[in-house]
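Okay, structure first, notes after.
Atoms considered below: every heavy atom in the structure, side chains included; atoms not considered: hydrogens, waters and symmetry mates. Throughout, numbering of the chain's residues begins at 1 and tracks the sequence. Whatever order the structure lists them in is the order used to number ligands and atoms, beginning at 1.
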Amino acid sequence: MKILVPVKRVIDANVKPRVKADGSGVELANVKMAMNPFDEIAVEEAIRLKEAGKAEEIVAVSIGPQQAQETIRTALAMGADRGILIKVDETVEPLTVAKLLKGVVDEESPELVILGKQAIDDDANQTGQMLAALLGWSQGTFASKVEIDGGKAKVTREIDGGLQVVELKLPAIVTTDLRLNQPRYASLPNIMKAKKKPLDEKSAGDYGVDPAPRLKVLKTEEPEGRKAGMKVADVAELVDKLKNEAGVL
Ligand code: AMP
C-alpha cells in the first residue's frame, strides 16, 4: 500500500503571529516556519503503518513556495520515502490544494491519503473533505485511531462528547486529530539521509489547475487585548461586580 501525506508549511506553532500594519494578512517576512503540527501527526501515522508492515511507500507532498521543500525534507527525515513539491508562490485556498492533490492521487494511485484535520494558519478544516468529494472516496476525519486490515480502514473519530468508529473501504481519506499519536523527532543521521531522498518539483499547470484565489480577504485583525484584572475586598464586592459590571449573574 502506498500512502500520500500532504504537508503544509505554516508559521511555527510557537511563534505569536503578527497582523500586517495594513490589515491585509499576517506578517510572514522573517518569521520561523515549520510543518503544520497536524501534518506531523499524519507523517508519524504513515510511518507507524509502514513499520507495522501495512504500507510499503510514503510520499510527502507540499504545495507552496520553493521553501516548502524544507517541510518535505522534514517529512523525509522523519521517515517518508520521497517527496513532491508543487511550486505555487501565491496563497493557495483549500479547493486549489484539493484539486492539485487529486492530480497527484490520479498519478500516484495511493490507497490512503492522511492529511491534518486543519492547517493552523487559516484554520480552514476543508482540504481533506474536499479531496474526498473530488475523488468520490470515503473519509474518516478527526482520527484518534487508525487500523488497517484487509482492504479496510477502521477509524476512531473524535466527535463532540465522545468517539465514533467508522469502517472505510480503501482507498480512503483520513484526517488526523491531536490524540492520534506523538510525532517523532528526526535524528541527525536521518536528516542527512533525507537530503538524498528523491524530491520531484511540479507546477500547478502540470495538473491543469489554475491556482488564482477565488476568495478575497477583506480584513485581518488582532484579537482584542485582555483587560487588566482587579482585586476585590470580599465576596460581597465580587458578587456585586459580577452582577452589575460583568453582567454574568
Ligand atoms: P486546511 O483545510 O487548510 O485546514 O488543511 C487541512 C490539511 O490539508 C492540512 O493539515 C494538510 O494536510 C493539507 N494541506 C492544506 N494546504 C496544504 C498545502 N498548501 N500543501 C500541502 N498540504 C496542504
Side-chain angles (χ1 to χ4, degrees), residues 3-13 17 25-26 28 33-47 58-76 78 80 82-105 107-108 110 112-135 137 139-144 146 155 157-158 172-181 183 199-204 206-207 209-215 217:
I3 305 179
L4 191 72
V5 188
V7 291
K8 187 175 189 188
R9 179 176 184 264
V10 298
I11 293 186
D12 188 293
V26 168
L28 293 180
M33 306 292 281
M35 187 190 297
N36 180 43
F38 291 106
D39 303 351
E40 287 180 346
I41 296 173
V43 175
E44 176 66 34
E45 195 61 20
I47 298 168
I58 302 164
V59 182
V61 51
S62 193
I63 296 137
Q66 192 64 42
Q67 298 94 312
Q69 237 197 45
E70 293 159 20
T71 314
I72 297 176
R73 289 280 173 216
T74 305
L76 298 177
M78 286 172 74
R82 63 189 169 86
I84 302 170
L85 168 68
I86 307 176
K87 204 169 159 277
V88 180
D89 285 318
E90 56 262 68
T91 323
V92 278
E93 293 167 356
L95 183 60
T96 308
V97 175
K99 286 179 183 170
L100 289 167
L101 291 175
K102 179 180 184 299
V104 178
V105 167
E107 255 178 32
E108 295 280 346
L112 193 60
V113 184
I114 311 181
L115 305 93
K117 74 166 176 182
Q118 74 193 53
I120 62 160
D121 48 5
D122 297 326
D123 281 342
N125 174 17
Q126 294 173 6
T127 309
Q129 294 87 332
M130 286 178 170
L131 180 61
L134 291 176
L135 290 165
W137 288 9
Q139 55 182 311
T141 50
F142 313 112
S144 62
V146 177
V155 178
R157 307 183 57 232
E158 303 229 355
I173 305 288
V174 167
T175 74
T176 63
D177 214 322
L178 215 53
R179 272 177 278 262
L180 181 58
N181 61 48
L199 202 170
D200 277 354
E201 210 176 295
K202 303 269 193 180
S203 71
D206 292 338
Y207 301 97
V209 174
D210 172 10
R214 285 160 181 76
L215 301 173
V217 176

Can you check whether [X] has an N/O within less than 3.5 Å of an N/O in ligand 1?
| X | result |
| --- | --- |
| Asn125 | yes |
| Asp123 | no |
| Ala119 | yes |
| Pro6 | yes |
| Leu115 | no |

Distance check, rounded to the nearest 0.5 Å: [X] atom [atom1] versus [Y] atom [atom2]?
| X | Y | atom1 | atom2 | value |
| --- | --- | --- | --- | --- |
| Phe142 | Glu158 | CZ | CD | 10.0 Å |
| Leu115 | Met130 | CG | CE | 12.5 Å |
| Thr71 | Glu40 | OG1 | CD | 10.0 Å |
| Thr141 | Lys117 | OG1 | NZ | 10.0 Å |
| Arg179 | Asn181 | CZ | CG | 12.5 Å |
| Ser203 | Ile63 | OG | CD1 | 12.0 Å |

Of all the non-hydrogen atoms in the protein, which one sits nearest to [atom], and at what distance?
| atom | answer |
| --- | --- |
| atom 21 (C) of ligand 1 | Val7 O, 3.3 Å |
| atom 15 (C) of ligand 1 | Thr127 OG1, 3.7 Å |
| atom 6 (C) of ligand 1 | Gly116 O, 3.5 Å |
| atom 10 (O) of ligand 1 | Asp39 OD1, 2.5 Å |
| atom 16 (N) of ligand 1 | Lys8 CD, 3.4 Å |

Which heavy-atom pair separates [X] from [Y] by the least distance, and what is that distance?
| X | Y | result |
| --- | --- | --- |
| Lys102 | Leu134 | CE-O, 3.5 Å |
| Gly116 | Thr176 | CA-OG1, 3.4 Å |
| Ser144 | Leu180 | C-CD1, 3.4 Å |

- Query: Where do Gln69 and Lys87 land on the side chain to side chain contact (heavy atoms under 4.5 Å, CB included) test, with the steps shown first?
  - Reply: CA-CA 9 Å; Gln69 237 197 45; Lys87 204 169 159 277; over 6 Å; no
- For atom 23 (C) of ligand 1, state which one of Thr175, Leu101, Val97 supplies the nearest heavy atom. Val97
- Item | Pick from Ile120, Ile63, Thr176, Ile86: the one approaching atom 20 (N) of ligand 1 most closely through a non-hydrogen atom | Ile63
List every atom of ligand 1 that sits less than 4.0 Å from any heavy atom of [X], numbering the atoms from 1 in the order shown and giving each element.
| X | result |
| --- | --- |
| Val61 | 21 (C) |
| Asn36 | 9 (C), 10 (O) |
| Ala124 | 1 (P), 2 (O), 3 (O), 4 (O) |

- Does ligand 1 have an atom under 4.0 Å from some heavy atom of Asp122? no
